[in-house]
There are 2 protein chains.
Amino acid sequence: MFTLAEENYLKTIYHLQQNVGVEVSTNAIAEKLETKASSVTDMVQKLADKQVLSYVKYKGTTLTEKGNEIAVNIIRKHRLWEVFLVEKLHYSWDEVHEIAEQLEHIKSESLIDRLEEFLGFPKVDPHGDPIPDQNGQFKKVEKQLLSQLAKGQKGICVGMKESERNFLRYLDKRSIAIEAEITVISKEDFDDSMQIEVNGNRFFISKKIAENLYVKIF
Amino acid sequence: MFTLAEENYLKTIYHLQQNVGVEVSTNAIAEKLETKASSVTDMVQKLADKQVLSYVKYKGTTLTEKGNEIAVNIIRKHRLWEVFLVEKLHYSWDEVHEIAEQLEHIKSESLIDRLEEFLGFPKVDPHGDPIPDQNGQFKKVEKQLLSQLAKGQKGICVGMKESERNFLRYLDKRSIAIEAEITVISKEDFDDSMQIEVNGNRFFISKKIAENLYVKIF
DNA sequence: AAATATATTTAGACCAGACTAAAAAAATGA
DNA sequence: TCATTTTTTTAGTCTGGTCTAAATATATTT
């Protein structure tokens with residue numbers, strides 16, 4: 001069995017591996033977990049003893065097969081609970097993260113499978129991220145920044161990088177919300193601003209905005 | 001904010017106060033929590049500092065108003081989660097306790113109220129115990145041992161003291177289950193055994209059995 | 001390649017929460 | 001009442017997880 005702290009380390013290392021590459025640095029983990037590098041060294045050594053990751057001094061860590069499984073399972077729990085919170089308890093998709101952070105650590109052999117069934121085996125969470133199945137299998141869904149789309153492309157809004165109050169209000173005014181279809185009408189080369197269409201309305205948005213919105217292309 | 005351990009102490013002390021009287025002894029707490037008396041002393045002193053209970057050396061502890069509130073709130077969470085597990089995820093009423101023990105510690109301002117609404121504001125949990133409302137108010141429901149009923153009285157089965165495998169099987173054979181109506185047909189003075197009727201069937205049950213079944217009288 | 005800067009690890013400490021063993025208070029009983 | 005038993009507390013230790021400060025490795029600059 002793994003403690004709450006151990007589970008959080010595994011999950012964080014998993015996420016960092018996705019983004020960066022294979023070896024994850026001590027400092028990267030420390031930053032994500034808002035802790036000190038020395039604490040990370042301690043924990044990483046302990047997790048190496050437990051065979052869930054391999055660790056080479058001064059070089060970094062990678063999850064083992066077993067560590068990967070555990071991390072994916074935590075992510076599965078996190079995302080299913082998020083679906084529950086949004087669909088059943090009517091939270092909005094940007095409120096659920098911290099509650100799901102707690103729920104993902106509930107220990108039970110059967111709970112999460114029953115929850116999954118209750119929710120009707122959803123494939124993605126409220127942020128558009130895929131939900132691993134019981135065996136940890138899932139398709140990587142193309143989630144990219146709106147700024148990466150070319151003229152003419154359409155994407156479904158699935159989330160945002162930062163979710164500051166002001167930014168949310170900005171989006172709200174333009175009825176840009178999760179699940180909204182966004183079409184790139186035109187794109188300016190000199191400042192990377194773009195014109196987009198959402199629900200039949202057209203606006204100009206700056207590079208900064210376009211770099212804060214995630215979309216999926218189908 | 002209170003830690004998981006602190007919350008468990010408060011809950012336990014609350015339950016012990018109900019059963020016994022006002023002052024709760026160190027040993028009683030230790031036994032319920034399956035820990036050592038010395039550990040209890042430490043924790044109880046800490047909780048006294050935090051104003052949630054009053055503690056007099058060698059005499060025992062009682063919850064303060066504030067401590068009581070916190071305990072009732074944890075119990076509210078526990079019971080609502082149990083309803084969720086039984087009604088939505090189709091667990092049986094004797095499987096849910098350990099999962100609810102974990103879920104009751106999830107921290108969120110709004111979560112439990114939303115869950116309560118989702119469940120349709122249930123009044124009792126799957127064991128027949130009342131669910132406190134948002135203000136911690138609830139009616140004490142008459143839950144008593146079947147052995148305490150007199151000839152002719154009817155009760156609804158709401159739970160059992162011990163829930164050993166063998167005992168459960170014994171009950172199952174006689175179709176004694178949660179929500180079953182039990183009528184005391186006769187009672188023997190010399191050994192406290194009784195004849196009961198359940199679903200139209202009559203059996204004799206021993207004192208031991210009658211002391212393990214909880215019923216509510218309406 | 002030497003000097004400096006950055007990243008990482010080690011050593012030693014702390015806190016929460018538990019434990020053991022011993023001391024002290026309270027309850028029991030001859 | 002005085003001795004014994006039981007309950008409770010104290011003192012000191014341990015583990016998990018964290019921290020700071022100092023030491024060591026690696027990377028970068030000149």
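Order of the sequence lines sets the chain letters (A, B, ...), proteins ahead of strands, with each chain counted from 1.
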Atom-pair distance (CG on B:Asp49; C1' on C:dC15), nearest Å: 15 Å

When you look at CD of A:Glu31, are more than 12 heavy atoms from neighbouring residues, nucleotides or ligands closer to it than 6.0 Å? no

Please give, in whole Å, the distance from C:dC15 C1' to B:Lys50 NZ? 12 Å

Residues forming a side chain to side chain donor-acceptor pair (under 3.5 Å) with A:Ser54, sequence neighbours excluded: A:Thr62

Is there a donor-acceptor contact under 3.5 Å from the side chain of B:Glu7 to the main chain of B:His105? no

Classify the ring geometry of B:Phe118 against B:Phe84: parallel below 30°, tilted from 30° to 60°, perpendicular beyond 60°. tilted

All heavy atoms of A:Phe138 vs all of A:Tyr14, minimum pair found to be CZ-OH, 3.4 Å

Please list, for nucleotides 24-29 of chain D, all pairs of protein and nucleotide N/O atoms separated by less than 3.5 Å.
residue: D:dA25; atom: O4'; partner: A:Tyr58; partner atom: OH; Å: 3.4

When the distance from CD of A:Glu23 to C1' of C:dT8 is rounded to whole Å, what number comes out? 14 Å

Not counting sequence neighbours, list each pair that qualifies as a salt bridge (charged side-chain N to carboxylate O under 4.0 Å, His left out) and has a residue in residues 119-138 of chain A. A:Arg79-A:Asp125, A:Asp129-A:Lys143

Check the angle between the aromatic planes of B:His78 and B:His97 and answer parallel, tilted or perpendicular using the 30° and 60° thresholds. tilted

Pull out every protein N or O sitting under 3.5 Å from an N or O of nucleotides 18-20 of chain D, one pair per line with the distance.
residue: D:dT18; atom: OP2; partner: A:Tyr9; partner atom: OH; Å: 3.4
residue: D:dC19; atom: OP2; partner: A:Thr35; partner atom: OG1; Å: 2.5
residue: D:dC19; atom: OP2; partner: A:Lys36; partner atom: N; Å: 3.1
residue: D:dC19; atom: OP2; partner: A:Ser39; partner atom: OG; Å: 2.7
residue: D:dT20; atom: OP2; partner: A:Lys36; partner atom: NZ; Å: 3.1
residue: D:dT20; atom: O4; partner: A:Ser38; partner atom: OG; Å: 3.1

Between NZ of B:Lys59 and P of C:dA26 the distance, given in whole Å, is 11 Å

At less than 4.0 Å, is any side-chain N or O atom of A:Gln45 found next to OP1 or OP2 of C:dT10? Yes or no. yes

Just N and O in the side chain of A:Asn27: are any of them under 4.0 Å from OP1 or OP2 of C:dT8? yes

Would you please name every residue forming a side chain to side chain donor-acceptor pair (under 3.5 Å) with A:Asp191, sequence neighbours left out? A:Ser193

With a non-hydrogen cut-off below 4.0 angstrom, is B:Thr41 in contact with a base, only sugar-phosphate, or nothing? base

Return the 5'-most residue of the pair B:Gly60, A:Glu6 with respect to DNA chain D, ranking by each residue's nearest nucleotide. B:Gly60

What integer distance in Å separates A:Glu31:CD from C:dT8:P? 11 Å

Salt bridge (charged side-chain N to carboxylate O under 4.0 Å, His left out) contacts touching residues 206-218 of chain B (sequence neighbours left out): none

